[in-house]
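Written below as structure tokens is the structure these notes are about.
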Amino acid sequence: LRCSGAILAIDITNGDALHALIAHQRAHVARALAAEADAGETHFAVRRDGSRTTERGGGDDEGTCGLEKLTTRDRAGWLHGKETRKAPGIHQPMNNSPDSSRRDFLHTTGLTALSLPFLGGLRATSSFAADAPAKNAAAELPPLNRYPRMMQDWLVEQVRAAEARGNARLESLKTKADAEAYVKSVQERIRQSFGPMPERTPLNAKITRTLERDGYKIENIKFMSRPGYFVTGNFYLPTNRKTPMPGVIGVCGHSLNGKAEKAYQSFAQGLARQGMACFLTDPAGQRGRFQYLNEKLGSRLGGGTSEHIQMGNPQTLVGEFIGAWMAWDGIRALDYLLTRPEIDPQHVGVTGNSGGGTQSTWLCGVEPRFTMAAPACFVTTFLRNVENELPADTEQCPPRCLALDLDHSDFLAAMAPKPVIILSQEKDFFDTRGSAEAYERLRRLYTLLGKPENIQLQVGPDPHGYTQPNR
């Protein structure tokens, strides 16, 4: 739409003004085309079916030009289709290609037409609206091609309803007893979602190598979380601190190299330098735990996300949840950590980033022995994820969580009022607005429990990742 600045004069409160403005511009262009035709120029007319016809001089038989012939452009931005001389007073074509003219024409008129349904609720007080006859006001256009959005719209509706029910539960809490009952309620609902855990079997843990570092050492360890199902990890143990000392389970995100990822090594090294032991483990499908091997013992699926989905989706069909398998690996890693005489069982925590943030969050809900937690780059709300159409791995979607009115914050609420810090990033694809909403829900709960200082939110300045400001 180009009308010598008239668009700026519209009071955007109704679509009538825009429709009138389009009609005004059509008439303006029709007059220009008629002038060119009178000057003897040839025009390419684009029919409504997309075909092209050629006319010579004299204008059209109705004395006006409909949209099917709107194919010229002057320097102000109108489309050209002429292929002969320049008539007096008419701007020279900017592009003489008929094909290019048609593309430009379709871009301009198509975008104009598509904008009308979204602007149908606008009202205007422009002089154009006053001059335009009522018949020029186009009827409200139906939404185009709605079928591909049906699933998404339905899902958003369901998640909004679940969030509303969850918020209503929280808003009903008035006393400390109410808050304590809520914590027990989310613990029970999480158990229903994750299902029963398997029986504990021998870990058969083995230290395969030890590396000496400045102020700490690294032990390469493997153990079995289930019979024949190995978990690999690195145990970062301070060498200059009295024991017992705090211990932390570190869980990795979707790095192909698992615990060897620099950011994950960095947080484990940092904890060790601060006097805390850290047992950093590989998730299934990453580093030394590829499940779909090729002839070179690498992943034939590419590892990480691909393996998680390949493992997780078939499990869903038989009533299993890969997130529960990963949580069980974390629980058994804690079992091993607590066998170490260097560890203080009263000070054990869990942290991880991205997919590790997912595992950290789920572990807060299913393992009561953790005394502190710092999930990174994951905690937001299911609604923010769905509205943003954020893709997720199978382990990030606990079964029946919507029906059970569970959200990310509820898995942290399961360990309230123990200390928890939510680590978020300003530029993350996990919406930090949802992180703030999760924090506010937990702050209300922690306040009722008498420990508001035990819940915190840290928003780093970076994109997705366990960067130094958050570490």
Side-chain angles (χ1 to χ4, degrees), residues 183 187 197 200 202-207 210-225 231-252 259 264-282 327-353 356-357 359-376 411-423 446 449-451 453-456 458 466 470-471:
V183 172
Q187 291 171 347
M197 293 295 181
R200 282 179 165 83
L203 290 170
N204 297 323
K206 181 179 180 181
I207 300 172
T210 300
L211 303 173
E212 297 292 338
R213 295 291 183 261
D214 183 18
Y216 64 95
K217 64 181 179 179
I218 304 172
E219 296 176 356
N220 299 151
I221 296 171
K222 63 179 181 179
F223 67 88
M224 293 182 188
S225 62
V231 178
T232 52
N234 289 342
F235 186 46
Y236 293 74
L237 183 65
T239 55
N240 55 1
R241 173 174 174 143
K242 295 181 179 179
T243 58
M245 67 182 73
V248 175
I249 296 298
V251 281
C252 298
K259 63 184 181 299
Y264 304 151
Q265 289 190 58
S266 294
F267 82 69
Q269 293 165 356
L271 289 170
R273 291 184 182 279
Q274 295 179 65
M276 290 176 276
C278 180
F279 189 22
L280 183 64
T281 59
D282 286 318
W328 185 245
D329 287 349
I331 291 170
R332 299 312 314 273
L334 180 60
D335 287 344
Y336 173 78
L337 187 69
L338 293 177
T339 67
R340 299 293 296 243
E342 303 96 336
I343 303 303
D344 179 359
Q346 301 302 313
H347 294 90
V348 288
V350 60
T351 190
N353 177 80
Q359 295 176 66
S360 300
T361 302
W362 300 163
L363 283 167
C364 289
V366 300
E367 178 47 78
R369 291 176 294 175
F370 285 116
T371 64
M372 51 192 170
F411 287 84
L412 306 184
M415 66 181 296
K418 297 173 183 176
V420 174
I421 182 169
I422 299 170
L423 303 176
Y446 272 69
L449 293 171
K451 294 288 185 180
E453 70 278 6
N454 278 2
I455 183 67
Q456 296 182 26
Q458 157 68 18
Y466 214 157
N470 279 9
R471 294 202 302 271

Test side-chain contact (heavy atoms from CB on, under 4.5 Å) on I249 and V348; report intermediate values, then the result.
CA-CA 8 Å; I249 296 298; V348 288; over 6 Å; no
Side chains of Q346 and T371, heavy atoms from C-beta outward: is any pair under 4.5 Å?
no
Mind running side-chain contact (heavy atoms from CB on, under 4.5 Å) on I422 and Q458 for me, showing each step along the way?
CA-CA 6 Å; I422 299 170; Q458 157 68 18; over 6 Å; no
Within-4.5 Å side-chain heavy-atom neighbours: F370 and L363:
yes
Working to the nearest 0.5 angstrom, can you tell me the gap between E453 CD and Y446 OH?
10.5 Å
Can you measure from CG (L423) to CG (N353) and round to the nearest 0.5 angstrom?
8.5 Å
Nearest heavy-atom contact between N240 and G215 is OD1-O, 3.6 Å
Any chance you could lay out the salt bridge (Lys or Arg N to Asp or Glu O under 4.0 Å) test for K206 and E219, step after step, and finish with the verdict?
CA-CA 10 Å; K206 181 179 180 181; E219 296 176 356; over 6 Å; no
I'd like to know if the side chain of S360 reaches the main chain of G352, judged simply by a donor and an acceptor atom lying under 3.5 Å from each other, with no hydrogens or angles considered.
yes
Give a yes or no on whether a salt bridge exists between D335 and R369, defined as a side-chain N under 4.0 angstrom from a carboxylate O.
yes
What do the steps show when you test E342 against L237 for side-chain contact (heavy atoms from CB on, under 4.5 Å), and what is the final call?
CA-CA 9 Å; E342 303 96 336; L237 183 65; 3.6 Å; yes
Whether N234 side chain and L280 backbone form a donor-acceptor pair below 3.5 Å
no
Side chain T351, main chain G250, donor-acceptor under 3.5 Å
no
Are Q456 and V420 close enough that some pair of their side-chain heavy atoms sits under 4.5 Å apart?
no
Output the distance between atom CD1 (I421) and atom CE (M372), rounded to the nearest 0.5 Å.
12.5 Å
Would you say the side chain of V248 lies within less than 4.5 Å of the side chain of F279, judging by non-hydrogen atoms?
no
Could you check if a side-chain atom of Q359 sits within less than 4.5 angstrom of a side-chain atom of D329, using non-hydrogen atoms only?
no
Smallest separation among heavy atoms of R241 and P246, with atom names:
NH2-CD, 3.5 Å
What distance separates M197 CE from W328 CH2, expressed to the nearest 0.5 Å?
7.0 Å
Taking side chain as C-beta onward, heavy atoms only, is V183 less than 4.5 Å from M415?
no
Taking it one step at a time, do V366 and Q187 satisfy side-chain contact (heavy atoms from CB on, under 4.5 Å)?
CA-CA 7 Å; V366 300; Q187 291 171 347; over 6 Å; no
Looking only at non-hydrogen atoms, find the nearest pair between R332 and S225 and report the distance.
NH1-O, 3.5 Å
Nearest 0.5 angstrom please: I218 CD1 to I207 CD1, how far?
13.0 Å
Locate the shortest heavy-atom distance separating I343 from A277; write the atom from each residue and the value.
CD1-CB, 3.6 Å
Min side-chain heavy-atom separation Y336-I221 under 4.5 Å:
yes
Considering all heavy atoms of both residues, which atom of P238 and which atom of Y236 are nearest to each other, and what is their separation?
CD-O, 3.9 Å
If you compare all heavy atoms of F267 against all heavy atoms of C278, which two are closest, and at what distance to 0.1 Å?
CE1-SG, 4.1 Å
Taken to the nearest 0.5 Å, the spacing of M276 CE from M245 CE works out to 11.0 Å
Any donor-acceptor N or O pair under 3.5 Å, side chains Y466, S266
no
Decide yes or no for P341 and T243: does some side-chain heavy atom of the first lie under 4.5 Å from some side-chain heavy atom of the second?
no
